[in-house]
Asker: 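Before I ask anything, here is the structure I am working with.
Everything numeric in this text was worked out from a predicted model, so none of it was measured. Letters A, B, ... are given to chains in the order of the sequence lines, protein chains preceding strands, and every chain is numbered from 1.
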Amino acid sequence: MGRKLVLIGLVLMITLSLWAAGQPELKKVSFPEKTIEIYVGFAAGGGTDILARQLARNMEPVLGKSVVIVNKNGGGGLIALKEMAVKPADGYTLGLLLGNQFLQKYYKGSDTWIDPMTEVTLLGVFNQDPWGIAVKADAPFNNITEFIEYAKKNPGLRVGAGSPGTLYYWTWEALMEAAGIKLTIVPFGGTALSLTALAGGELSAAGASPSEADSLVSAKLVKMIGVSSEERLAAFPNVRTFREDGFDLVIGPWRALVGPKGMPTEIVKILEKAVRDAYYSDAFQTFIKEQGFGPLYLDTVEGFEFFKQEDTFFREIMKKSGELRGGM
Amino acid sequence: MFTLKEILNLGLPLVLDGGVLLLALAGTLVGMFIGAMPGLTGVMAMSILIPLTYTMSPTEAFALLLPTYVASTYGGSISAILLNIPGTGAAIMTTLDGHPMALRGEAGRALGLSCTYSFIGGIVSGLFLAFLAPILALWAIKLGSREFFAVAVFGLGIIAYISPSILKGLLAGSIGLLLATVGMDPISGYSRFLFGRAELTGGLEFVAVMIGLFGVGEIMFVFAKGVVERPRVQREIGLTLPNLKDLIKTIPTTIRSIIVGLFVGIIPASGPTIASVTAYGLEKRVGKRRDLLGTGIAEGLSAAETANNAATGAAIVPMIALGIPGDAVTAILIGAFMLHGLRPGPAMFISNPDIISGIFILFMLGNVLFFIIGLFGAKWFAKILDTPQKILLPIVTVFCFIGTYAVRTSMFDVFVAVVFGFIGLLMRRAGIPIAPMILGFILGPIVEDNLRRSLIIGGGNVLTFLERPVSAVLLVLTILLILSPSILSVLVKKKIKVNIHD
């Protein structure tokens, strides 16, 4: 017993002195020294995955080390985030945070969630996709105003969305709230499925981004009546914005790079710069234009302000529809 | 709608690539190898291969998976014939006439016939897939939640009949349905049975459950029984060309079995195994030489092997056209689509006609490749069976766990596979069939999702299902399917009574 105590004491002393000796050195961090991993909570090849891979590729030249994607899909990105959040906050394990996470935080139906305000360190928001409305190609409305007029005359129009665990569901709720109309939201397992149901005549409209609806639009089965972005998309210059038609609704799924909470400021600075430089690189800009992803960059300060707005927005919308988690 | 010319124009540029052709060859070899190994199924081969396709293009992925699928359905007959052990479920019926033939010293004849019948069935079903799937797809865009619900319920109705004991089949199927409810509710987004585990948000991982039940469970079952080394394969078999006279003599059986295979194969929750059982059953009722079945005649091989391979292409039709998995294999293929951000279904014919065409060509290519390799290489494949089980099975176990882990780099899923391995072992011990459970697990979410969505669309009215002709007909058929044994027995009793009165 005595010998063990002596041994523990020795180890402690050596560790302490080594730590003390290393202190001044640690201030000037040399980061990164090895490969950085980004946990992506969505299947390889999906929209979020390919965007994350492009960002990682363009971060590499800035950081001088490899940045690799590790797919841990499931739970709307939650599984990957949960695993990431318990890793050391040393900047070598990062994750993607989506608007979904605010939904999960406030929706009383979800058992597990992560709080984007307190449980992660924000490194930058690098994309916001527009949400839009697709209708049948022969529908009697061509823009958001006409659609709202029609919906007022025909209450209970069926519109396709994801499940209430997804942003696409709550954008319809937000639209109903803003326009004072009553729609029947029909949840589907994915946008492709609700678009197919729209083309088949089961629905009057489906929530979709222009790139998601593109194949059916080119098959002349559906048409886009508008998008919720601030400006028209470069890849789809013919699709009008809601704002142009006098309806102010800017909403859409966004993506941010985050790390575990409590990351050292020096490392946050380095990674923030890497995200910014990657975002503004020619390769990344060309990529998002070609693939139809929406542009948005917010640094850690702007991003946190944005998070605060999102936090209030989702809390309010859940409260209004009676789905707010108790105690929130 | 694709014509032959369009399929070739769109698909061939994708397929005619050194890497793609090499993968197709590799897939064929792996499929035959795994299919021939007792206990290892094509399903398992594909689930092991799926992680390898993460980094491939969709065409490369299907170049590996489709030939594996069709070749494993054939490969199962090799061990069925040589050792009287079916390599896969689909080859159970092949043992009945294949092995007696081999015992008579006609192993070469049996292997040649089995390979040729498999090839014929496969090619016809490939044509069916290429030229009927597009028609179905354009028709399917009009189908909605109510029809998908009816199709899935029809699949559930069949579960009871794929098990020797209806009660045990229903028991296994119900457990599968219950397991399918774990995770986020598809309509309300509420969490169910999560026990605080974020890993379960999306439900139990399909590959983990499947590898647990079929792979780990089977291996534990073999070891629990005590490993018995199989008799060595002794005979030397050279080039095994089929006997032309046999083929001509069995033309009526072959045609019948193709029709049965296509029909059974296209029904969700069915597949090659049920197709070969049904075709063999039909042959037993209407075949010209039905009394000789089971003694080693070509008709028996034709019924079993033509039908099971004819079902391979047909089983893919609902998946390609409707996005509905017909069986475990097509469920894996759907996974392969999704890995590449593709969602099979009507929209894919419009969005990715080149990949669809490539799939048709690769399916055909797989059949051609196993035909050639099967005729020349049967004797080499037989050698695999000489590997001692105590060496073979541990290797397979390692692959099972690597495969499960790789799906989403999750140790949690490996534990799920181990737990389901024990469940699989207990089920085998208790004589409860595994297949109905996995089918319940696959069909459960489709049934629930579409039932609830249909009710939202129909404004809460249950009769909404009868408003659509396809769903009405399917639901009536399902009821008839479930009630037919009782109706039949009532009719038979009446007949007997009448006879007594006479």
Asker: Check B:Arg452 with B:Asp185, please: is the shortest side-chain N to carboxylate O separation under 4.0 Å?
Answerer: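 Yes, this pair counts.
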Asker: Any Lys/Arg nitrogen of B:Glu448 or B:Arg192 sitting under 4.0 Å from an Asp/Glu carboxylate oxygen of the other?
Answerer: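 Salt bridge: yes.
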Asker: At a heavy-atom separation under 4.5 Å, does A:Ser110 approach chain B through its side chain, its backbone, both, or neither?
Answerer: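 Both parts, backbone and side chain.
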Asker: Are the aromatic rings of A:Phe102 and A:Phe313 close, with centres under 6.0 Å apart?
Answerer: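 No.
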Asker: After noting the C-alpha distance and the side-chain angles of A:Met176 and A:Ile185, does the key distance pass the side chain to side chain contact (heavy atoms under 4.5 Å, CB included) rule?
Answerer: CA-CA 10 Å; A:Met176 287 203 286; A:Ile185 306 176; 3.8 Å; yes
Asker: Which one of B:Gly183, B:Gly459, B:Ser145, B:Pro186 has the most heavy-atom pairs closer than 4.5 Å to chain A?
Answerer: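 Top option by heavy-atom pairs under 4.5 Å: B:Ser145.
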Asker: Taking the six-membered ring of A:Tyr92 as reference, does the NZ or CZ atom of A:Lys87 fall below 6.0 Å from its centre and within a 45° cone about the axis?
Answerer: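 Output no; distance or angle outside limits.
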Asker: Heavy-atom cut-off 4.5 Å, strictly under: side chain, backbone, both or neither for B:Arg146 against chain A?
Answerer: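 Answer is both: backbone and side chain atoms of B:Arg146 are under 4.5 Å from chain A.
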Asker: Does any heavy atom of chain B fall under 4.5 Å from the side chain of A:Phe188, the backbone, both, or neither of them?
Answerer: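 Answer is both: backbone and side chain atoms of A:Phe188 are under 4.5 Å from chain B.
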Asker: Go through the atoms of A:Lys82 and report whether side chain, backbone, both or neither lie under 4.5 Å from a heavy atom of chain B.
Answerer: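 Side chain of A:Lys82 only, per the 4.5 Å heavy-atom cut-off to chain B.
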Asker: Measure A:Gln104 against the heavy atoms of chain B and call it side chain, backbone, both or neither at under 4.5 Å.
Answerer: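 Neither part, no heavy atoms under 4.5 Å.
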